[in-house]
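Written below as structure tokens is the structure these notes are about.
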Amino acid sequence: MDLHLGKRIRARRNAIGLSLEDLAQAMAVATETLLAMENGSQRVGPHLLHRLSIVLDVPFGYFFDGMPRELDADFPGTPFDDCDPVGDDMREALELVRAYLAISDEKKRQMVHQLAQKLSENPSAE
């Protein structure tokens, strides 16, 4: 659970372009503490989670989205490792979205969109 919460914190921080240091300062915690939370090695208590939801501008439940219902190995169900990846794996996609949204010319944005669609086409489907 701690690892999942940490991944969600990191994913949101990256999505809004906030550095680890800036978030730590806004939360009034040490950067090392926040890093430990993001890595899942330090538990995030409800008070800090509430503050994070305010600073990161997300509903409290955001941190639990995608969390498997059963975290205990003795319970049948979705194992934790099967969760969709979030965090560092999403950095490139988030940067691409930010760059796309920064294009103010509608025609250029449409060209980028069409290029991305063309590049992602499966050659074997043709």
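Remember, predicted model here, so these are calculated numbers, not experimental data.
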Could you give the distance from [atom1] ([X]) to [atom2] ([Y]), rounded to the nearest 0.5 Å?
X      : Y      : atom1 : atom2 : result
Lys7   : Arg10  : NZ    : CZ    : 9.0 Å
Asp2   : Asn39  : CG    : CG    : 11.5 Å
His4   : Ile9   : NE2   : CD1   : 10.0 Å
Met1   : Phe63  : CE    : CZ    : 14.0 Å
Asp105 : Met111 : CG    : CE    : 8.5 Å

Quick one, [X] and [Y] - any side-chain contact, counting heavy atoms below 4.5 Å?
X      : Y      : result
Leu35  : Gln42  : no
Glu106 : Gln110 : no
Met37  : Leu5   : no
Ser53  : Tyr62  : no
Asp57  : Ile16  : no
Arg12  : Leu52  : no

| field | For Asp65, all residues meeting side chain to side chain donor-acceptor pair (under 3.5 Å), sequence neighbours excluded | value | none
| With sequence neighbours excluded, residues passing side chain to side chain donor-acceptor pair (under 3.5 Å) with Ser19 | Asp22
| query | Can you tell me if CZ on Arg109 sees more than 12 non-hydrogen neighbours from other groups inside 6.0 Å? | reply | yes
| task | May I ask you to check whether over 12 heavy atoms, not counting those of Gln25, lie within 6.0 Å of atom CD? | result | no
| Which atom names give the shortest non-hydrogen contact between Arg13 and Leu20, and what distance separates them? | NH1-N, 3.2 Å
| query | Ile103, Val97: one ILVMFWY side-chain cluster at the under-4.5 Å cut-off? | reply | yes
| Leu101 with Val112, same ILVMFWY side-chain cluster at under 4.5 Å | yes
| query | Would a distance-only check, ignoring hydrogens and angles, find a side-chain to backbone donor-acceptor pair under 3.5 Å from Ser41 to Ala36? | reply | yes
| How would you list, by chain and number, every residue that makes a ring pair (Phe, Tyr, Trp, His ring centres under 6.0 Å) with Phe60, sequence neighbours excluded? | Phe64
